[in-house]
Amino acid sequence: MVEVGASSRSNSMTESAVIRPTGEEPSPAGYDPSAIERKWQARWEADGTNVTDLQHGARPFYALMMFPYPSAEGLHVGNLFAFTGNDIYGRFQRLQGHTVFEPIGYDAFGIHSENFAIKVGIHPDELIPRNIDNFRRQLKRAGLMVDWSHELSTTDPAYYKWTQWVFLQLYKRGLAYKKKAAVNWCPFDKTVLANEQVIGGACERCGNLVEQRFLEQWFFRITDYAGRLLANLDTLDWSESTKSAQRNWIGRSDGAEVAFRVESAPKSPAGEPDFVRVFTTRPDTIFGATYLVLAPEHPLVDRIVRDGQRALVDEYVAEAAKQDVVSRRTTKDKSGVFTGAYATNPGTGQPIPIWIADYVLMEYGTGAIMAVPGHDERDFEFAQLYDLPIVRVVAGPGQDARTPLGDSAYTETESAHLVNSGRFDGMTVEAGKAAIVAELASTGAAKPVVNYRLHDWCISRQRYWGPPIPIVYCDQCGVVPVPESQLPVLLPAIEDFRPDDSGISPLARHAEWYHTTCPECGGQARRETDVSDTFLDSAWYFLRYPSTDRSDVPFDDAMTKRWLPVTSYIGGNEHAVLHLLYSRFVTMVLHDAGTLAFEEPFTRFRAHGMIVREGAKMSKSRGNVVNPDHYIDEWGADAFRTYLMFLGPFEEGGDFRDKGISGVKRFLDRLWKSVHEAVGDGGTPDLDVQRKLHQTIKKVGEDIPRLSYNTAIAAMMEYMNTLRAGERTPRVDEVRPLVQLVSPFAPHIAEELWSALGGTTSVFDGGWPSYDPALVAEDLVTMAVQVNGKTRGTVSVPKTATQDEVLTAAKADANIAKFITGPVKRVVFVPGRLLNVLV
RNA sequence: GCCGGGAUGGCGAAAUUGGCAAACGCGAGGGACUUAAAAUCCCUUGUCCGUAAGGACUUCCGGGUUCGAUCCCCGGUCCCGGCACCA
């Protein structure tokens, strides 16, 4: 048998220290969370308990949590929920013998911080450190196993120097480029808005209508990586919901590009026919393509438009350009205009009209489509509106070429076949796709193409509070990247940092910063005045943590080799696509550049759930936000942590109910009492308690790795109930392992009790208790007895009892016997579980 | 519309391989201790019938597979999240 409580690595327990004469009050001063929490936080700090030996520690385990944005309101309970979940996992891994690194930092740049600074009239330079101080104070109170010697803030020049370096790595590889792009502009907030910040065509903050502006923006060519970003997902141990969100966002669609020859385009150069290239996922329906549609911005529009239609087309194009980006995408009412031109359908050989409509988007595919109104809802609607021909080319079971389409497009593809499609008639949709693409490809009219919905990442912001993009514009040399040796390009401390409606960053107003010299020729030059997106700051922070003490490199090679990729990452699904995708992209780029040996940054990722309060979403306006300080004051961090983990499954979240915390507090009170009352472990152990203990050790050890914290806590509570059943006094060897099991959840009380039990080092250096499999298995089991599938009673039999023995025992039970009325037809016997008698 | 996750007592939830549905906790009711209250401890608590023994019903709805289904299959409803005029 394996000794309970014995650590495989160290055993600092002094047995004699805990044995007291029975009857003598062991002076339990009572459980005072705030006193012992202060005491142990101070001791951890003094002893360096949570400082990770990054150089030498065995079995490195990088337990990463998503670093917070340090808001003025302080730590949100959602942050603490996530951090506690990560902390328990990290502490457990440490108890398993890993060297665990649990760092924290602050994602402190960005529009959010800047807007708040403007609102309260305090410079972010002053406000952010203040907020960070408050966050640090709150994080320390929560008792996280954070290694504070590696804390970082993205606003620190020693950090953003390397954010700029990351930009330069992308620039060097041709993955950063500048182009004019349509953006949402809020005339009131005087800023570019992300698409997510525009609700129904209005600014989400001020409600003013958003305008479309064309501004020069920096982009990262993330679309080059779309295929890999998608394919690698299959290899990652991540929450399915997160992977699914990324798949949706990347949006792969397999199809073909098909060329439609424009009939006698008047303005094309002599002898050079124009082709409209369309992207389609349904090449099988080409015989049903009765018209083409170009996006209003399509470059071919001007060339092919016929004179009679020119005025109408120009008006339509101008109108479309005026619409803001978002409402253009979400308006469901279709409209369009005929160009007067025709193209040849390469399937039918027939001429079909070319239209312009804003339901076709220039950014996706080729900016042009072949419209198949018979089999596409949008095309159907458009064709009905403008009276364009609708042809059936796909028929389902029991349908044929003449079956009318009715009032909607037929979009089924399963068990459907082609009709009205010449020699392709009768083929399945799948076969038709392949055959038609193959045939068109032979004449160069089509090729298979994969399209992604993912757009390039726009990283420039015309704002102040971010890392300046390290680019200089020189009249002689053009666009010049700032040499690495001249990094960081410091964000100047300016008072006038408010954005204006020029669409140009406030930094442009500061001539002394804006004017500089060219790093190449030394001549007059201007700085790029945009700053980079906050998501660039957070796309690489996990690489920095182990190397925060290095000022000469972004990350130390040896450290990176030792600690990365991240072993375990825990965070919210609100970052499923942006942060997590950008981090993967940046890692891949650095991998391709030969800087990193791995191309995926997070080996395992788990999305935690959301906390609501009393059934309602927490919000400032509702006034139902949980303030961690308040609860920690009242109940202690240990009870607060444990309650957060107990209120629901970690990956689903749960309902924070103020009353609920008392149950967890009672549990800790009883733990405190049990340890202080515990008597020495002489004499005969109580076998039932021993069994329950070993079952609990097994269960908690299995539940924590799968983040099933609520059930682990329930198991410990059950054990506590067993331990104190019938007002028995627990023994020291019964409570000591429980203190260890509780320690990841409630670290302070665990340390206090561990030391009260004679521990001379931290409980977190004491290892994890092991269990005896022989004690886990009950040798007497309660089996259910069913008659015709209905449970009629139970029998208590030895685990090894045979079918006949159980049957005999069952028949001895009068209530069971009375249901066995006729001859027994069949008996189903599941050893140790149940007996089902069929009569 | 497409993709992912859900729906179980008054409430939060559990059931790890298809095997006693409701562990653990909250709330509620009753009791002990107390002059009293708090705290603590004990008992009861899915619904219905029954004094009880016991019985019937019960995991969103409707079917199916199985000796047996919260779990697997088919169809549907609702909730949460992602994507969305993406061709």
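Every chain is numbered from 1 and lettered A, B, ... according to where its sequence line falls, protein lines coming before strand lines.
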May I ask you to say what [X] touches in the nucleic acid, namely base, sugar-phosphate or nothing, with a heavy-atom cut-off under 4.0 Å?
X: A714(A); result: base
X: L834(A); result: base
X: T794(A); result: base
X: R670(A); result: sugar-phosphate
X: N836(A); result: base
X: R453(A); result: base

Quiz prompt | Nucleotide rG4(B), atom C1' - distance to CZ of R247(A) in whole Å | solution = 10 Å
Exercise. Rounded off to whole Å, could you give me the CD-to-P distance for the E652(A) and rC80(B) pair?
Key: 16 Å
Quiz prompt | Syn/anti state for rG82(B) [syn: chi within 90° of 0] | solution = anti
Quiz item: Does a side-chain N-to-carboxylate-O contact under 4.0 Å join E702(A) and K698(A)?
Solution: yes
Quiz item: Out of rG4(B), rA56(B), rC85(B), which nucleotide sits closest to the side chain of L361(A)?
Solution: rC85(B)
Self-check item: Per S244(A) side chain, nearest of listed nucleotides rC67(B), rG4(B), rG27(B)
Solution: rG4(B)
Heavy-atom donor-acceptor pair, [X] side-chain to [N] base, under 3.5 Å:
X: D655(A); N: rG12(B); answer: no
X: N248(A); N: rC83(B); answer: no
X: K659(A); N: rC11(B); answer: no

[N], OP1 or OP2 - any side-chain N/O from [X] closer than 4.0 Å?
X: S253(A); N: rA87(B); answer: yes
X: N710(A); N: rA14(B); answer: yes
X: R666(A); N: rC41(B); answer: no

Is it the case that over 12 heavy atoms from other parts of the model lie below 6.0 angstrom from the [atom1] atom of [X]?
X: R728(A); atom1: CZ; answer: yes
X: E240(A); atom1: CD; answer: yes
X: D254(A); atom1: CG; answer: yes

Quiz prompt | C1' gap between rU34(B) and rC24(B), integer Å | solution = 30 Å
Quiz prompt | Span that lies between the P atom of rC71(B) and that of rA7(B), in whole angstrom | solution = 11 Å
Self-check item: Contact nearer the 5' end of RNA chain B, comparing Q786(A) with R282(A)
Solution: Q786(A)
Practice problem: Please figure out whether R833(A) or R252(A) has its closest RNA chain B nucleotide nearer the 5' end. | Solution: R833(A)
